[in-house]
Amino acid sequence: MSLTYPSPASGTDTAAEATAVAPRTYQVRTFGCQMNVHDSERMAGMLEAAGYVPADGAQADVVVFNTCAVRENADNKLYGNLGMLAPIKKANPGMQIAVGGCLAQKDRETILRKAPWVDAVFGTHNVGALPALLDRARHNNEAQLEILESLDVFPSTLPTKRDSVYSGWVSISVGCNNTCTFCIVPALRGKEKDRRPGDILAEIQALVEDGAIEVTLLGQNVNSYGVEFGDRQAFSKLLRACGEIPGLERVRFTSPHPAAFTDDVIDAMAETPNVMPQLHMPLQSGSDKVLKDMRRSYRSAKFLGILDKVREKIPHAAISTDIIVGFPGETEEDFQATLDVVEKSRFATAFTFQYSKRPGTPAADLPDQLPKAVVQERFERLTALQDRIAAEENAKQLGRQVEVMVTAQSGRKAEETHRLSGRSQDQRLVHFSVPVGAPAPRPGDLVTVTITEAAAFHLVADPATAADYSLRRSRAGDAWDRSQADSCGAPAPSASGGKAGVSLGMPSLPVRSR
C-alpha cells in the first residue's frame with residue numbers, strides 16, 4: 001500500500017538552501033521492546049548513510065517515532081508527543097516528522113488523519129524505506145504513507161547505527177507463528193521468518209571485529225528458530241556456534257517460548273562457556289485455565305519443570321519473566337495460582353503488566369473483562385510478592401565475587417555515590433566503586449568485585465582496598481576509546497588493526513559518536 005496526502009507544511013526555498021550548506025539532523029525516539037530498539041539502530045544507520053547527522057540534544061530537522069502497539073496507552077503516548085511537536089514544526093517549516101513501527105503498521109491512515117503535520121508513515125516490513133519517504137515528502141510537498149504486508153528486506157541487511165560499542169543486538173528471526181489471544185505482534189510483524197545461520201554468525205563476527213564482546217540474539221520466539229528451514233535444533237546449534245567465535249565473551253537471547261523450549265537448548269546453554277547464566281522465560285499466568293484462554297500452549301507444571309532443568313544444569317542461573325495480571329475471566333483462584341507459581345519460581349526479575357484491551361486481538365472481545373480496581377489491587381499484590389523474592393534472591397549474592405561489564409550509563413545517584421555501573425554475567429545490575437589508587441575502567445571493560453550490599457533491583461560492591469578489586473581491560477574498552485576519539489574528529493583504526501571503514505561484506509556497523 002502506498003498513498004500520498006497533502007502536507008500541511010513544506011520546506012521553503014530558504015530552508016532548502018540551508019540544508020545544502022549543513023547536513024540535516026535527526027533524532028529517533030523509541031517505544032516498546034528490544035526488537036524496536038534494534039529497529040531504531042537500523043533507522044539511525046540508514047539516516048546517517050543518507051547524510052543525516054545526530055541532533056545531539058538540539059532540535060532535530062527530522063524526528064522519527066518508532067512506535068509500539070503492545071504496551072498500554074501506546075497510542076496516547078504517540079499522539080501526545082506528536083501534539084507537542086506541532087507548534088515546533090509550524091515555527092520550523094523545513095522540519096519533518098516520521099512515524100514507524102507497530103502502531104504505524106496498525107493505525108496507518110489514522111495517524112495522518114489525527115496528526116496531519118506528520119510527513120511520513122511506514123510499517124514494520126519496510127524500515128528501509130525511511131530515507132526515501134522523507135526525500136519524497138520534501139520533494140512532492142506531500143505526506144507519504146507506505147505500508148507493506150510482508151517483509152521486503154530482512155532488517156539486518158540495512159546499515160546500522162549501534163547504540164553501544166561494547167554490545168549489540170542481532171536479529172535471528174522476525175515475526176511470530178503463535179496465536180496468543182492478548183498479542184497483536186503476529187498481525188503487525190507477520191509470520192516467523194528465519195535468517196540463515198551463516199548470515200547471523202557473519203553479523204556477529206562483524207560486531208566482534210568492531211569491538212563488541214557481548215551480543216543478544218533477538219526474536220519474537222528465539223527457540224522456534226529453524227522452523228522455516230526444518231531444523232528443530234537450529235537454535236541450540238546456533239548457541240554452540242557462538243561459542244566458537246574468538247573474542248565473543250557474552251551471549252544472551254530473548255525471548256523464548258516455554259512450549260518450544262527443549263532440553264538441547266538447556267544443554268547448549270550449560271556447555272557453551274560464553275552463553276550467560278541468565279534466562280528470560282515468559283510465564284504470563286500461573287493459572288492453567290488462563291493459559292488456555294491466552295492460547296499459551298503449555299501449563300504451569302511444564303513451566304516449572306523447565307526452570308528445574310535449567311537450575312539443575314546451571315545452578316546460578318538468574319531467571320526473569322513476564323506476567324499479565326487481570327486477563328479477561330481471571331478469578332481470584334486463578335490469580336492465586338499465579339502467586340503460587342511466582343513463589344516457586346524465585347524469579348530474579350519480573351516484568352509485570354496490567355491487562356488492557358488491544359483492538360484486533362481475540363482477547364479484546366472476550367467476556368468478563370475485569371474492573372480496573374480489581375486489576376490494580378492484584379497487580380499491587382503481585383509486585384509486592386516479586387519485590388520480596390527479588391530482594392531475597394539478591395541477598396544470596398552477598399559475599400560473592402562477580403565479573404561486571406562496565407556500561408556507559410551509571411545509576412541515578414552516581415554523582416552522590418561516585419559509583420560506576422555494569423551488568424554481571426547473570427544480568428544483575430551492579431553499582432560499584434573504584435578503590436582509591438586503583439585504575440578506573442572504561443565502558444566495555446570488565447571488573448571483578450565482591451558484592452557488599454543487596455536490594456530488590458540492584459547490587460552494590462564497595463571494595464575496601466585495591467586488593468578487593470581487579471580490572472581487565474578489554475577490546476570493547478578499546479572500541480570505546482576509539483569512539484571518543486572519533487567524536488573529537490581524530491581518525492581511529494578498526495578493531496582488527498586495519499583502516500577504519502573497511503567493508504566486511506556485512507551491514508555497516510559504525511561506532512557510536514557521543
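Computed from heavy atoms alone, side chains included, the values below leave out hydrogens, waters and symmetry copies.
For Q409 and S421, the side-chain atoms include no donor-acceptor pair closer than 3.5 Å. In this model, no donor atom of one side chain and acceptor atom of the other lie less than 3.5 Å apart for E192 and Q220. Side chains of N66 and T30: no donor on one and acceptor on the other come within 3.5 Å. Side chain to side chain, Q336 and E332 fail the donor-acceptor criterion of an N or O pair below 3.5 Å.
Residues V63 and Q59 are in side-chain contact: their nearest non-hydrogen atoms beyond the backbone lie under 4.5 Å apart. You'll find the side chain of Y225 reaches within 4.5 Å of the side chain of P197, heavy atoms only. Side-chain atoms of L459 and L429, non-hydrogen and from C-beta on, never get closer than 4.5 Å to each other. Side-chain contact between R29 and V64: absent, with no pair of heavy atoms (C-beta onward) separated by less than 4.5 Å. Using a 4.5 Å heavy-atom threshold, the side chains of Q278 and Q425 count as separate. Between I319 and R311 the shortest side-chain heavy-atom distance falls below 4.5 Å. Residues T417 and H431 have side chains not in contact (no heavy-atom distance under 4.5 Å, counting atoms from C-beta outward). Considering only heavy atoms from C-beta on, P435 comes within 4.5 Å of Y469 through its side chain.
Nearest heavy atom pair, residue V449 against residue P463, reads CG1-CG, 4.2 Å. In this structure, V310 and A317 approach most closely via the heavy-atom pair CG1-CB, 4.1 Å. Closest heavy-atom contact between S424 and V430: CB-CG2, 4.3 Å. Heavy atoms only, all atoms of each residue included: Q397 and I451 are closest at O-CB, 3.3 Å. Shown here for L47 and V28, the closest heavy-atom pair between the two residues is CD1-CG2, 4.4 Å. Smallest separation of non-hydrogen atoms from D194 and V227: OD2-N, 3.3 Å.
Atoms CD and CH2, on E214 and W169 in that order, are 8.5 Å from each other to the nearest 0.5 Å. Rounding to the nearest 0.5 Å gives a distance of 9.5 Å between OG of S483 and OH of Y166. Interatomic distance, OG of S224 versus CG of N178, reported as 6.5 Å (0.5 Å rounding). Distance OG1/T216 to CZ/R252: 6.5 Å, rounded to 0.5 Å. Atoms OG and CZ, from S167 and R423 in turn, are 11.0 Å apart once rounded to the nearest 0.5 Å. Considering CG of L420 and OG of S410, their distance stands at 5.0 Å, rounded to 0.5 Å.
Here the side chain of D468 pairs a donor or acceptor atom with the backbone of T465 at under 3.5 angstrom. Formation of a donor-acceptor pair under 3.5 Å by the T338 side chain with backbone atoms of G286 is found in this model. Between the S474 side chain and the A476 main chain, a donor and an acceptor come within less than 3.5 Å of each other. When atom types are taken as modelled, the side chain of S287 and the backbone of D334 share no donor-acceptor pair closer than 3.5 angstrom. Distance alone, capped at 3.5 Å, is enough to place a donor-acceptor pair between the T361 side chain and the R358 backbone. Using a distance-only test at 3.5 Å, with no hydrogens or angles considered, a donor-acceptor pair links the side chain of N394 to the main chain of A455. Under the 3.5 Å distance criterion, the side-chain polar atoms of D199 are left unmatched by any main-chain donor or acceptor of R195. A donor-acceptor distance shorter than 3.5 angstrom exists from the side chain of D288 to the backbone of S300, with no hydrogens or angles considered. The main-chain N or O of M281 is found under 3.5 Å from a side-chain atom of T321 such that the two form a donor-acceptor pair. Side chain of D231 to backbone of Q233: a donor-acceptor contact under 3.5 angstrom is found.
The stretch residues 262-285 participates, sequence neighbours left out, in these ring-ring contact (aromatic ring centres under 6.0 Å, His included) pairs: H280-F351. Sorted by first and then second residue, the pairs that involve residues 342-355 and meet salt bridge (Lys or Arg N to Asp or Glu O under 4.0 Å), not counting sequence neighbours, are E343-R346, E343-R388, R346-E392, R346-E393. For residues 169-180, the set of pairs meeting the salt bridge (Lys or Arg N to Asp or Glu O under 4.0 Å) definition, not counting sequence neighbours, is empty. Counting only residues at least two apart or in different chains, ring-ring contact (aromatic ring centres under 6.0 Å, His included) contacts with residues 303-346 comprise F327-Y355. For residues 429-445, the set of pairs meeting the salt bridge (Lys or Arg N to Asp or Glu O under 4.0 Å) definition, not counting sequence neighbours, comprises R442-D445, R442-D478, R442-D481. Applying the side chain to side chain donor-acceptor pair (under 3.5 Å) test to residues at least two apart or on different chains, none of the pairs has a partner in residues 448-459.
Not counting sequence neighbours, the partners of F253 by the ring-ring contact (aromatic ring centres under 6.0 Å, His included) test are F235. Contacts of R232 classified as salt bridge (Lys or Arg N to Asp or Glu O under 4.0 Å), with partners at least two apart in sequence or in another chain: none. Every residue two or more places apart in sequence or in another chain was checked for a salt bridge (Lys or Arg N to Asp or Glu O under 4.0 Å) with R299, and none qualifies. For I245, the side-chain contact (heavy atoms from CB on, under 4.5 Å) partners at least two apart in sequence or on another chain are L201, I204, Q205, V208, L248. With sequence neighbours excluded, no residue forms a ring-ring contact (aromatic ring centres under 6.0 Å, His included) with F432.
Counted within 6.0 Å of NZ on K309, heavy atoms from surrounding residues, nucleotides or ligands total 12 or fewer; the atom is thus considered open. The environment of CD in E333 is sparse: at most 12 heavy-atom neighbours from other residues, nucleotides or ligands sit within 6.0 Å.
Using a cutoff of 4.0 Å between basic side-chain nitrogens and carboxylate oxygens, E330 and R378 are scored as salt-bridged. A salt bridge is defined here as a Lys NZ or Arg NE, NH1 or NH2 lying under 4.0 Å from an Asp or Glu carboxylate O, and R475 with E209 fails to meet this definition. The residues R381 and E377 are annotated as salt-bridged, a charged nitrogen and a carboxylate oxygen being separated by less than 4.0 angstrom.
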Please test T181 against D293 for side-chain contact (heavy atoms from CB on, under 4.5 Å), starting from the C-alpha separation and ending with a verdict. CA-CA 7 Å; T181 56; D293 291 342; 5.7 Å; no
Should R428 and V402 be marked as a side-chain contact (heavy atoms from CB on, under 4.5 Å) after you check the CA-CA gap, both sets of side-chain angles, and the distance that decides it? CA-CA 10 Å; R428 284 182 165 92; V402 297; over 6 Å; no
Could you go step by step and tell me if M276 and M269 meet the side-chain contact (heavy atoms from CB on, under 4.5 Å) rule? CA-CA 7 Å; M276 293 294 93; M269 292 175 63; over 6 Å; no
Under 3.5 Å, side-chain donor or acceptor atoms of residues 254-262 against the rest of the protein: list the pairs with distances, not counting sequence neighbours.
unit_1, atom_1, unit_2, atom_2, d
H257, ND1, A259, N, 3.0
H257, NE2, R296, NH1, 3.4
T262, OG1, D264, OD1, 2.5

